[in-house]
Undergrad: 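The structure is given below, and queries will be raised subsequently.
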Amino acid sequence: MKLVVAIVQDEDAVKLVEALGENKFGVTKLATTGGFLKAGNTTLIIGTPKEKVDDVLAIIEENCKSRTKMTTANTGTPWPNGAYVPYPIEVTIGGATIFVIDVEQFKKI
Ligand code: 2BA
């Protein structure tokens, strides 16, 4: 048994959950926040037999796109008045960030 933890963009989450459900995978959806952009994203946890992990990864790949987003960063050195000046930067957010974890026990009580 494996646990697939997939952090995906909110824009892709609904159709990804639908596709996983259509393929009979159990999935739990969590509303999460990225540490860098401090914007909402979605984390899915999917428990699955290890021989089905590749199927889960293929469904994630089919349903998640990478996108660029603009954000702001502060300059490294402050102006004489002590203020940091924000400037725009573009970041590429991956289609999904995925961890595959061994499950020691799986029980439904
Ligand atoms: P965020 O932390 O909001 O990061 C969004 C995107 O910003 C990242 O996309 C990356 O392109 C960029 N980024 C992140 N940290 C950066 C930094 N220190 N300097 C410059 N750019 C930076 P992804 O790498 O595709 O990550 C998408 C989301 O997946 C992340 O949202 C975070 O929620 C999660 N994530 C990524 N790597 C992770 C990890 N090692 N552990 C846990 N969560 C992770």
Side-chain angles (χ1 to χ4, degrees):
M1 188 83 185
K2 299 277 186 181
L3 186 68
V4 178
V5 178
I7 302 157
V8 304
Q9 296 176 56
D10 289 345
E11 293 92 324
D12 297 323
V14 171
K15 72 183 167 113
L16 176 55
V17 169
E18 274 174 21
L20 289 164
E22 281 161 13
N23 286 276
K24 311 279 181 257
F25 289 107
V27 56
T28 296
K29 179 171 173 277
L30 307 169
T32 47
T33 303
F36 184 69
L37 292 179
K38 295 177 181 56
N41 55 25
T42 297
T43 299
L44 301 180
I45 55 175
I46 305 137
T48 181
K50 69 173 181 214
E51 55 279 8
K52 298 251 177 146
V53 167
D54 286 345
D55 297 345
V56 171
L57 299 183
I59 293 168
I60 295 171
E61 197 169 355
E62 268 165 36
N63 286 280
C64 296
K65 295 195 267 196
S66 14
R67 296 182 182 86
T68 55
K69 285 211 173 139
M70 296 304 293
T71 186
T72 51
N74 290 326
T75 51
T77 44
W79 280 22
N81 65 0
Y84 283 86
V85 181
Y87 65 97
I89 55 166
E90 186 179 71
V91 293
T92 301
I93 308 170
T97 299
I98 302 168
F99 303 87
V100 180
I101 302 163
D102 286 327
V103 174
E104 205 169 295
Q105 282 191 38
F106 172 63
K107 286 187 183 176
K108 289 187 181 180
I109 300 174

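Note that ligands are numbered from 1 as they come in the structure, with each ligand's atoms numbered from 1 the same way.
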Undergrad: Using 0.5 Å steps for rounding, measure from the OG1 atom of Thr68 to the CD1 atom of Ile93.
TA: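 Answer rounded to 0.5 Å: 8.0 Å.
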Undergrad: Tell me whether Asp102 contacts the main-chain N or O of Lys2 through its side chain, where contact means a donor paired with an acceptor under 3.5 Å.
TA: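 No.
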Undergrad: Nearest 0.5 Å, please: how far is CG in Leu20 from CG in Asn63?
TA: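 It comes to 7.5 Å.
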Undergrad: Quickly, which of Val8, Ile7, Thr43, Asn41 forms a side chain to side chain contact (heavy atoms under 4.5 Å, CB included) with Thr97? Name it, please.
TA: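 Only one of Val8, Ile7, Thr43, Asn41 forms a side chain to side chain contact (heavy atoms under 4.5 Å, CB included) with Thr97, namely Ile7.
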Undergrad: Show the protein residues that qualify under the rule heavy atom under 4.0 Å from an atom of ligand 1, listing them in chain and number order.
TA: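 The answer is Ile7, Gly34, Gly35, Phe36, Leu37, Asn41, Val91, Thr92, Ile93, Gly94, Thr97, Phe99, counting any residue whose heavy atom sits under 4.0 Å from ligand 1.
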Undergrad: Can you list every salt bridge (Lys or Arg N to Asp or Glu O under 4.0 Å) pair that touches residues 35-58, not counting sequence neighbours?
TA: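 Sorted pair list comes back empty.
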Undergrad: Hey, is CD on Glu11 packed in by over 12 heavy atoms from elsewhere, all under 6.0 Å?
TA: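 Yes, CD of Glu11 has more than 12 neighbouring heavy atoms, counting only those of other groups under 6.0 Å.
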